[in-house]
2 protein chains.
Amino acid sequence: MTADLEITRLRESGGKGFEKVFAFLRERLLAGSLRPGDRLIPERDLAAQLGVSRPILREALRALTVLGVVEIRDRVGTIVRRPDPSVLNDFFTFAFAQQSDVVDDVMQARIAIECQAVRLAAERATVSDFEKLQQALARIVETIDDPDGGSAADYDFHRAVVNAGKSETLIVLHNSLSGILMRSHRGRRELLQVFESMKTYLIEDHRRIFDAIVGRDPEHAERVLREHFAIGDDFRRRAAIGESDARSAS
Amino acid sequence: MTADLEITRLRESGGKGFEKVFAFLRERLLAGSLRPGDRLIPERDLAAQLGVSRPILREALRALTVLGVVEIRDRVGTIVRRPDPSVLNDFFTFAFAQQSDVVDDVMQARIAIECQAVRLAAERATVSDFEKLQQALARIVETIDDPDGGSAADYDFHRAVVNAGKSETLIVLHNSLSGILMRSHRGRRELLQVFESMKTYLIEDHRRIFDAIVGRDPEHAERVLREHFAIGDDFRRRAAIGESDARSAS
DNA sequence: ATCTTACCTTGGTCAGACCAGAATACATAC
DNA sequence: GTATGTATTCTGGTCTGACCAAGGTAAGAT
């Protein structure tokens with residue numbers, strides 16, 4: 001069997017015990033000889049077959065767990081999972097925990113993702129997507145005076161847009177990035193009270209984005225969305241320098 | 001000390017041993033009480049303080065290792081690292097190992113990243129970036145008849161563009177995505193021999209992208225880049241249906 | 001045929017031990 | 001006084017064997 005051969009090779013391959021085992025399992029997972037849904041053999045047996053102790057084997061399994069590749073179920077067994085994008089969230093959380101100044105940088109990535117997604121959305125969105133967008137739009141209008149709810153509604157709309165793009169990768173990335181951004185500045189929305197004109201901006205912009213998607217116009221959709229981000233950024237800039245609606249009416 | 005309080009709280013907090021320890025360390029890392037460069041206390045002591053056995057503690061440390069948050073150095077100690085984007089690569093590798101049909105989907109994300117990056121590049125690129133782009137451009141011309149070298153040169157140029165955008169997040173994402181794409185279809189470039197006209201496309205397009213960046217025109221830069229991707233996609237489409245230059249000269 | 005119950009399996013954890021090499025302290029030689 | 005070499009300590013890396021609790025299962029009772 002190929003399996004036995006590989007195990008033999010594993011035994012004499014260099015590296016520490018953990019590295020060996022991890023590399024072995026990793027290869028198996030990547031090669032596809034272990035597929036989602038499969039249940040690994042019991043830890044004791046597997047450890048014996050791989051020539052390591054159970055604690056070491058468990059280190060490797062735990063490592064694969066945080067990567068979302070396998071799932072260790074208590075008193076049941078270790079089963080192979082289809083990679084879950086949520087682990088990305090884990091990583092991003094760590095990656096951007098320290099410096100909060102990277103928020104603007106992460107925002108650039110979010111803009112990138114959404115601008116591409118909105119193009120795809122304009123091409124691929126289904127009627128079902130239209131409905132969801134419409135609902136999200138309605139919620140934005142409803143919650144326009146509620147900072148918390150409004151923030152959620154805003155996020156839901158953007159998520160609906162990305163979902164409508166039908167790109168798994170973009171959806172995954174957008175989710176992770178949004179997670180960071182939400183954790184970072186939760187109260188950012190509060191400047192809504194400062195700028196009365198922002199309400200119109202919020203409603204009108206999202207409506208225009210919606211229209212562009214329904215109108216199947218990728219170019220226009222991206223342009224509007226990009227403009228939307230730019231204006232939002234401008235609002236924040238003006239809030240940062242302490243401007244108010246009165247003075248900014250130029 | 002706050003530390004002791006937290007440890008006390010940890011002892012009685014629910015969850016399995018591993019979860020407890022992992023959550024504890026995670027919190028510490030995120031909160032910033034453990035900063036990059038710090039060395040954790042020895043495993044034995046830490047395990048004792050946390051009220052778990054060493055194997056369990058090691059599971060948690062190993063988990064943090066694959067997340068790139070800490071580094072276990074043999075016979076030295078466990079030190080906190082600044083999160084390394086390369087772990088993203090690890091995840092993406094697993095995530096997209098099975099289905100090769102997601103390649104097109106990942107490509108969408110790459111396009112998204114690059115289009116945003118090229119805009120930023122047009123705004124932020126330094127003279128040093130110009131030089132690197134120029135060099136990459138020259139290499140594309142040199143290696144136009146060499147599939148392997150040409151592919152590398154192409155990649156280098158695009159990477160230089162993203163780097164010129166000066167967004168750490170975009171750079172990280174682009175790296176990971178490129179890694180997947182390169183692993184997936186390594187020989188894709190071979191259709192170069194089929195389409196003679198592709199040579200001109202390769203050289204001219206990249207030159208135009210370069211010019212747009214130097215010209216500080218974000219809009220134009222993105223448009224050209226997007227067009228570049230579209231044409232490349234078209235080449236692949238035509239190759240897929242077995243077309244050649246002769247028939248495609250319309 | 002269905003319900004109980006005892007057993008076996010499996011992950012979760014612990015305690016203590018040994019190894020090898022890095023780090024450090026210390027004693028010696030120059 | 002400095003430099004070199006050696007002994008000790010510290011630290012991660014690993015193993016062994018054991019115990020627990022609960023899910024699964026099959027034998028036994030109803």
Side-chain angles (χ1 to χ4, degrees), chain A residues 7-26 28-29 34 36-81 84, chain B residues 7-26 28-29 34 36-81 84:
Chain A
I7 290 180
T8 308
R9 190 174 54 202
L10 165 71
R11 275 231 170 67
E12 47 212 28
S13 73
K16 312 299 179 193
F18 167 80
E19 300 291 349
K20 285 193 316 185
V21 177
F22 184 74
F24 173 76
L25 293 175
R26 172 203 181 86
R28 278 306 184 77
L29 269 321
L34 288 176
D38 288 358
R39 209 178 74 200
L40 270 58
I41 60 179
E43 293 182 354
R44 291 169 178 79
D45 301 348
L46 188 53
Q49 283 192 23
L50 298 182
V52 296
S53 64
R54 197 146 83 97
I56 298 308
L57 197 241
R58 281 181 63 80
E59 282 183 29
L61 292 181
R62 207 62 98 164
L64 292 172
T65 296
V66 301
L67 284 178
V69 201
V70 303
E71 180 183 358
I72 306 181
R73 283 226 279 256
D74 197 355
R75 281 149 281 159
V76 172
T78 307
I79 62 181
V80 182
R81 290 198 346 179
D84 184 350
Chain B
I7 290 180
T8 309
R9 190 173 56 201
L10 166 70
R11 274 230 172 69
E12 48 212 28
S13 74
K16 311 298 179 196
F18 167 80
E19 301 291 347
K20 286 193 316 187
V21 177
F22 184 72
F24 173 77
L25 293 175
R26 172 203 182 83
R28 279 306 185 76
L29 270 321
L34 289 175
D38 289 356
R39 208 177 72 200
L40 271 58
I41 60 179
E43 293 183 356
R44 290 169 178 79
D45 302 346
L46 188 53
Q49 283 192 25
L50 299 182
V52 297
S53 64
R54 204 149 79 99
I56 298 310
L57 197 240
R58 281 182 63 80
E59 283 182 28
L61 292 180
R62 207 62 100 160
L64 293 172
T65 296
V66 303
L67 283 178
V69 197
V70 304
E71 180 183 358
I72 306 180
R73 283 225 279 254
D74 196 356
R75 280 148 284 166
V76 173
T78 307
I79 62 181
V80 182
R81 289 197 346 179
D84 183 350

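Values in this document were obtained by computation on a predicted structure and should not be read as measured data. Lettering follows sequence order; numbering is per chain, from 1.
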Quick one: A:D74 CG to C:dG11 C1', roughly how many Å, whole number?
5 Å
In whole angstroms, the gap separating C1' of D:dT11 from CD1 of B:I79 amounts to 14 Å
Judged by nearest nucleotide, the residue sitting upstream toward the 5' end of DNA chain C, A:R44 or B:V52, is A:R44
To the nearest 0.5 angstrom, please state how far the CD atom of B:E43 sits from the CD1 atom of B:I72.
6.0 Å
Checking contacts here: which listed nucleotide (D:dG13, D:dT14, C:dA23) is nearest the side-chain heavy atoms of A:F18?
D:dT14
Out of B:L40, B:V52, B:T78, B:V21, which residue meets the side-chain contact (heavy atoms from CB on, under 4.5 Å) rule with B:L46?
B:L40
Quick check on contacts: within residues 54-73 of chain A, what sits under 4.0 Å from DNA chain D by heavy-atom distance?
A:R54, A:P55, A:I56
Holding to side-chain contact (heavy atoms from CB on, under 4.5 Å), I want the full list of residues that pass it with A:D45, two or more places apart in sequence or in another chain.
A:I41, A:P42
B:K20 NZ to C:dG12 C1', straight-line distance once rounded to whole Å:
12 Å
Please list, one pair per line, the donor and acceptor atoms closer than 3.5 Å that link side chains of residues 59-69 of chain B to other protein atoms, with sequence neighbours excluded.
unit_1	atom_1	unit_2	atom_2	d
B:E59	OE1	A:R62	NE	2.7
B:E59	OE1	A:R62	NH2	2.8
B:E59	OE2	A:R58	NE	2.9
B:R62	NE	A:E59	OE1	2.7
B:R62	NH2	A:E59	OE1	2.8
B:T65	OG1	B:L61	O	2.8

What's the closest nucleotide to the side chain of B:E43 if the choices are D:dG12, C:dC14, C:dT10?
D:dG12
With sequence neighbours left out, the residues meeting salt bridge (charged side-chain N to carboxylate O under 4.0 Å, His left out) with A:R73 are A:E71
Applying salt bridge (charged side-chain N to carboxylate O under 4.0 Å, His left out), can you list everything that pairs with A:R39, at least two apart in sequence or on another chain?
none
Nearest whole angstrom, please: distance from the P of D:dC10 to the CZ of B:R39.
13 Å
